[in-house]
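One structure below.
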Amino acid sequence: MKTNKNMNNQEIAALLGAISAAYEIKEGNKFKIIAYDRAATAIEHATSEIKDLWDDGKLDTVPGVGVSIGQHLDELFRTGKVKHFKKIMSDLPMAMFEFLDIPGIGPKTAFKLCESLGINGRIGAVKKLKRAAEKRKIRLIEGFGEQSEKDILTGIAELGRREERMLLPHAAELAKKIITYIKKNPEVKEVHLLGSLRRCCSTVGDIDIAVKTDNPGVVIDHFVKYSEVKKIINKGKRKASVMLKSRHQVDFRVQRKSFGAMLQYFTGSKHHNIHLREEALKKGLSLSEYGIKVKGKLKRFENEKDFYSFLGMDWIPPEIRENTGEIEAAQAHKLPSLVKFSDIKGDFHTHSDFRYQESSHDEGINSFEEIVQKAINLGYEYIGLADHSPSVSNHTPRQIIALLSKRKQEIEQIKRSKKLIHLLGREKIREIKILNTLEVDILSDGSLAVPDKGLELLDFAFIAVHSSMKQNRKTMTRRILNGLDHPKVMFLAHPTGRKLGKREGYELEWEKIFDFCLRNNKWLEINAMPDRLDLTDVLVREAVKNGVKLVIDSDAHEVKSMSFIKYGVSVARRGWAEKKDVINALPWNQLRNIIK
DNA sequence: GCCGTTTTCGGCCCGACTGTTTTCAGTCG
């Protein structure tokens with residue numbers, strides 16, 4: 001297996017996974033196998049690069065990485081190789097590690113195939129396996145048959161063809177359609193959407209659905225007949241999994257009773273469940289999706305609250321069930337009171353169709369009036385009309401000031417709009433506070449794209465990076481701090497610049513950013529656009545720990561996406577943010593004192 | 001190999017489904 005000094009998390013996870021598989025072939029110690037596997041998944045899901053942690057001497061903060069694996073990784077980052085790993089894999093056919101990616105094939109099967117078919121090298125291994133299956137050679141191997149030969153062929157065909165993870169709204173939309181179909185069966189008593197969708201992860205891989213029914217067989221038969229099903233992966237008395245035509249997997253479970261344990265189990269996360277079960281074990285209890293076994297006798301639960309309560313814990317909101325300290329907090333009755341969608345009193349970041357002739361970036365499609373109308377419908381106390389700053393390449397500073405001045409006049413006219421007054425009534429228009437804000441580019445040298453006199457026309461500004469995104473961590477940090485330093489600037493929008501599935505975003509020296517924000521009363525945005533969700537949940541948690549305030553904005557370019565702010569709230573919740581951490585959870589009479 | 005407010009030794013989550021088997025091993029979530 002090829003290794004080098006600069007492996008990323010994905011590659012390291014694959015390496016440790018391969019070591020786990022190798023041990024599964026070579027040694028009896030089942031727990032060593034699990035240990036490597038756990039370290040691999042922990043690294044795969046880690047949010048900072050393991051190499052960076054190693055640089056900072058913080059390797060031991062990664063769960064599942066102890067003395068031994070830690071030393072191996074140290075060797076890897078220093079020399080690009082790990083002698084111990086090489087030794088373990090030396091007498092195994094490298095081809096087996098290629099086969100592990102084929103669905104349904106694990107270490108034992110992979111090894112057996114290599115041995116029996118005489119496939120060794122990594123290159124072309126899958127092709128050779130395919131040819132053997134086509135020539136009906138696999139069914140001759142002991143323990144294999146016609147069916148497993150067929151499964152291997154379909155498995156190979158599936159390789160690399162699985163759809164990528166979905167953005168949250170896309171997954172929700174897909175799930176909604178499936179649920180509508182499931183409910184058509186009269187035997188269905190309750191349907192619940194669980195898994196990562198319930199935990200509101202920023203992207204969703206599989207869709208998990210649980211149904212309460214007195215007639216499991218009928219309901220499962222009904223489920224697998226859904227017209228969008230391409231392939232039934234498995235189907236039994238209690239659960240079924242299917243692949244949709246869209247190449248997304250749906251896992252489906254049915255149960256008659258004790259639904260509380262089922263909701264808990266199927267919501268996950270896996271690591272939360274494992275930790276929970278280990279905690280229970282200390283008390284002599286055994287957890288499963290059916291309930292809690294006390295001295296061999298199963299105790300059932302109607303709801304999750306009773307389930308957690310029986311374990312001596314408070315009910316844990318799904319968004320934070322990621323095994324990052326929530327179990328300990330629930331035991332100590334010290335869970336945070338997470339911010340809610342209904343706490344949000346306004347939105348600072350919306351884009352209108354106001355034209356400068358040439359704006360710097362995408363404009364919105366709705367008018368100021370339509371945005372204000374939507375804000376009133378959402379029950380907001382205030383609304384920020386932002387828009388991008390005029391482009392510096394097409395305007396002189398004087399032109400920029402003139403344009404912003406014109407924009408200001410238009411915004412001041414809104415409250416007199418006959419159309420709005422007609423639609424909503426004078427009273428509601430008077431109640432909402434309309435803020436003239438602006439999303440100002442931070443130019444690559446850290447200066448702002450709007451001259452001071454332009455900024456003075458605003459209620460306040462916020463800044464964002466839209467160019468030169470490849471700058472290194474130090475330069476980018478300096479650039480952003482320079483922008484934040486302006487007295488008219490209140491926060492940094494979409495702080496990491498990531499686009500889910502498209503680009504990673506730039507690196508920042510977060511300790512410096514947090515420190516600056518805290519000392520100067522600047523905030524960080526949680527941008528609720530589904531392909532941004534930026535800050536990320538993990539950085540939100542860090543910000544909250546550091547006492548930095550957040551704002552949750554929609555960044556809507558059309559009024560219907562103003563409701564997407566709920567996804568931003570989910571990110572805040574996943575980052576353990578409470579109402580007090582969120583600036584736009586403040587009522588206007590308190591907010592007005594902060595933005596001078 | 002990892003881990004610890006009942007442990008630095010002695011544990012390590014739990015169950016469903018499938019294929020090839022006559023009772024289970026392997027894989028998956």
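Order of the sequence lines sets the chain letters (A, B, ...), proteins ahead of strands, with each chain counted from 1. Just so it is clear, the structure is predicted and the values come from calculations on it, not from any experiment.
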Completion exercise
From the candidates dT7(B), dA16(B), dG1(B), the one with an atom nearest any side-chain atom of K32(A) is dG1(B)
Exercise for the section: Taking the six-membered ring for Trp and the full ring for Phe, Tyr or His, determine whether the centres of F266(A) and H192(A) are under 6.0 Å apart. Expected result: no
Handout entry: Distance between C1' atoms of dT18(B) and dT23(B) (Å, rounded)
Key = 15 Å
Practice task
Taking atom P in both dT22(B) and dC17(B), compute the distance separating them and give it to the nearest angstrom.
Solution key: 22 Å
Exercise for the section: Assign L287(A) to base, sugar-phosphate, or nothing according to its heavy-atom contacts below 4.0 angstrom with the strands shown. Expected result: sugar-phosphate
Fill in the blank from the handout: Side-chain atoms of K282(A) come closest, of dG1(B), dT6(B), dG26(B), to dT6(B)
Handout entry: C1' gap between dC13(B) and dC3(B), integer Å
Key = 15 Å
Practice task
May I ask you to verify if any side-chain N or O of Y36(A) is less than 4.0 angstrom from the OP1 or OP2 atom of dC12(B)?
Solution key: no
Exercise for the section: Have a look at Y265(A) and say if it touches a base, only the backbone sugar-phosphate, or nothing, with a 4.0 Å heavy-atom cut-off. Expected result: base
Practice task
Take the protein atom CZ of R253(A) and the nucleotide atom C1' of dC28(B), then report the distance between them rounded to whole Å.
Solution key: 10 Å
Practice task
Decide whether a cation-pi geometry holds between K177(A) and Y181(A); the criteria are a distance under 6.0 Å from NZ or CZ to the six-membered ring centre and an angle within 45° of the ring axis.
Solution key: no
Problem - Candidates dC12(B), dC14(B), dG1(B) - which lies nearest the side chain of H84(A) - result: dG1(B)
Problem - Below 4.0 Å: OP1/OP2 of dC14(B) and any side-chain N or O of S288(A) - result: no
Handout entry: NZ/NE/NH1/NH2 to OD/OE distance under 4.0 Å, D208(A) and R198(A)
Key = no
Handout entry: Of I105(A) and A35(A), the one whose closest DNA chain B nucleotide lies more 5'
Key = A35(A)
Handout entry: Rounded distance (Å) that lies between atom C1' of dT18(B) and atom CD of E149(A)
Key = 17 Å
Practice task
Determine whether the side chains of Q264(A) and N273(A) contain a donor N or O and an acceptor N or O closer than 3.5 Å.
Solution key: yes
Exercise for the section: Using the six-membered ring wherever Trp is involved, compare the ring planes of H84(A) and Y23(A) and label them parallel, tilted or perpendicular (cut-offs 30° and 60°). Expected result: tilted
Fill in the blank from the handout: Checking dG19(B), dG29(B), dC13(B) against the side chain of S148(A) (C-beta onward), the nearest is dG19(B)
Completion exercise
Rounded to whole Å, CG of L311(A) lies from P of dC13(B) at a distance of 16 Å
Exercise for the section: When you get a sec, tell me which of dG15(B), dG29(B), dG1(B) is the closest nucleotide to the side chain of K270(A)? Expected result: dG29(B)
Completion exercise
From the candidates dA16(B), dG1(B), dC14(B), the one with an atom nearest any side-chain atom of L281(A) is dC14(B)
Problem - Side-chain N or O of S241(A) closer than 4.0 Å to phosphate OP1/OP2 of dG29(B) - result: no
Problem - Presence of S286(A) side-chain N/O under 4.0 Å of dC14(B) phosphate oxygens OP1/OP2 - result: yes
Practice task
Look at R238(A) and dA16(B) and indicate whether a side-chain polar atom (N or O) is within less than 4.0 Å of OP1 or OP2.
Solution key: yes
Handout entry: Proximity to the side chain of R38(A) - top-ranked nucleotide from dG26(B), dC2(B), dC13(B)
Key = dC13(B)
Handout entry: Short side-chain donor-acceptor distance under 3.5 Å, H248(A) and S246(A)
Key = yes
Practice task
Assign I34(A) to base, sugar-phosphate, or nothing according to its heavy-atom contacts below 4.0 angstrom with the strands shown.
Solution key: nothing
Exercise for the section: Considering just the side-chain nitrogens and oxygens of K239(A), establish if one lies under 4.0 Å of OP1 or OP2 belonging to dA16(B). Expected result: no
Handout entry: Among dG1(B), dC13(B), dT18(B), the nucleotide that comes nearest once only the side chain of I69(A) is considered
Key = dG1(B)
Practice task
Rounded to the nearest angstrom, tell me the gap between atom CZ in R139(A) and atom P in dT21(B).
Solution key: 13 Å
Practice task
State, without any angle test, whether S196(A) and R165(A) hold a side-chain donor-acceptor pair at a distance under 3.5 Å.
Solution key: no
Fill in the blank from the handout: Given the 90°-from-0 boundary between syn and anti, dT7(B) should be labelled syn
Practice task
Can you figure out which of dG29(B), dA16(B), dG26(B) approaches the side chain of E289(A) most closely?
Solution key: dA16(B)
Exercise for the section: Take atom C1' in dC9(B) and the same atom in dC14(B), then report the distance between them in whole Å. Expected result: 25 Å
Practice task
Taking atom C1' in both dT8(B) and dG4(B), compute the distance separating them and give it to the nearest angstrom.
Solution key: 8 Å
Problem - L276(A) CG to dC14(B) P, straight-line distance once rounded to whole Å - result: 11 Å
Exercise for the section: Determine the minimum heavy-atom distance between V229(A) and K245(A), stating which atoms define it. Expected result: O-CE, 4.3 Å
Exercise for the section: Identify whether any heavy atom of E146(A) sits under 4.0 Å from a base atom; if not, whether one sits that close to sugar-phosphate; answer base, sugar-phosphate or nothing. Expected result: sugar-phosphate
Exercise for the section: Using the P atom on both, measure dC28(B) against dT20(B) and round to a whole Å. Expected result: 16 Å
Handout entry: Residue-phosphate contact under 4.0 Å: K150(A) side-chain N/O, dT18(B) OP1/OP2
Key = no
Handout entry: Pair partner, dT8(B) [Watson-Crick or wobble, under 3.5 Å]
Key = none
